[in-house]
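We count ligands from 1, going down the list as the structure has it; atoms in each ligand are counted the same way.
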Amino acid sequence: MILLILERSIRKVYRVRGGFNQRELDISFLVKAIGGPRLLYALQKSLRLASVSTIMRHHRIPKLIPSIGTPNKKEITSNIRSFFTPEIKPLPSFPNCSQLPGNVMMFDGVSLNPFLRYCAQRNAILGLCREHSKRVNTEVESLESLEIVRKALAETDKKSETRVCYGSDATVVAIAPYANEKHYTAVPIVASPTDKSESGLEFAEWLEIVLEAWRTDPNGEAMYGPIWSIESDGDGVFRLAKFTICMVQEVDRNSPLGRILEGCLGINRYTSKHGVIPGSDLKHVAKREFY
Ligand SMILES: [Zn+2]
């Protein structure tokens, strides 16, 4: 059924002989992304879709580098530079305001299929949880090094110091602007497998690195605006991390904002060391309120 709809759409938009218009390229790209290169090859022959090489020439696809262990600044910076460039994400334009509007940094867990993959770019194993992957050498050096990882995965004693496990969830950190009506999509900058044994304090430690990477990278805050808040659902680990980071300094009582806040009884006046505040996913707040 999907193929039938696809075929009709393709026939409808195929107009240019010897070239491809943007819609045809987009459909060819979707066929490759959803059905894989073999389906694209079949449809290229039968319906004259664009080939893989043509798609690659016309589409610059940013790549998210998943973290092998605990996310580090190099991986985060690489992802920021891959997604946050005017070619991929148009710059915010606010002609009446000299200051760029802020962003929300949000995070949540996404369920993972528990198996390992090979990362050709780094010649390393992907898919081990960040809590335990440091116990083995994740670089693929030889068959023996892979055998060590296999044995560590097969270890049944949960207290063993050599045991490693698959990541059951990927913690995804994404950034979305507060005031951009056209390009408001959340863009991921971290994907890191976890077995969910990490504490809130450990999570806060690497989340600080993500905030720092955004603040200091030329493709981050300088081009797309600062992070104003970090937000998540009500997960205990996420909440502890948010409040660990965002309960560091009080808004100056003598500043214009401080003077306003002083009149608001019961309001939390604490922020992170760079003024970031914690927030909650609105739908979870609504759930508590109405159900
Ligand atoms: Zn683990």
Counting distance only, does the side-chain N/O of [X] pair as donor-acceptor with the main-chain N or O of [Y] below 3.5 Å?
{"X": "Glu131", "Y": "Asp195", "value": "yes"}
{"X": "Arg269", "Y": "Gly258", "value": "no"}
{"X": "Thr244", "Y": "Leu240", "value": "yes"}

- Message: Parallel, tilted or perpendicular, judged at 30° and 60°: which one describes the rings of Phe203 and Phe107?
- Response: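 Correct class here is perpendicular.
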- Candidates Gln249, Arg215, Glu221 - the one meeting side-chain hydrogen bond (donor to acceptor under 3.5 Å, both in side chains) with His274: Arg215
- Query: Which pairs with one or both residues in residues 63-84 pass salt bridge (Lys or Arg N to Asp or Glu O under 4.0 Å), sequence neighbours excluded?
  - Reply: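 Listed by first then second residue: Glu75-Arg122, Arg81-Asp217.
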- In the protein, how many N/O/S atoms are under 2.8 Å from the Zn ion (ligand 1)?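 Excluding waters, the total comes to 4.
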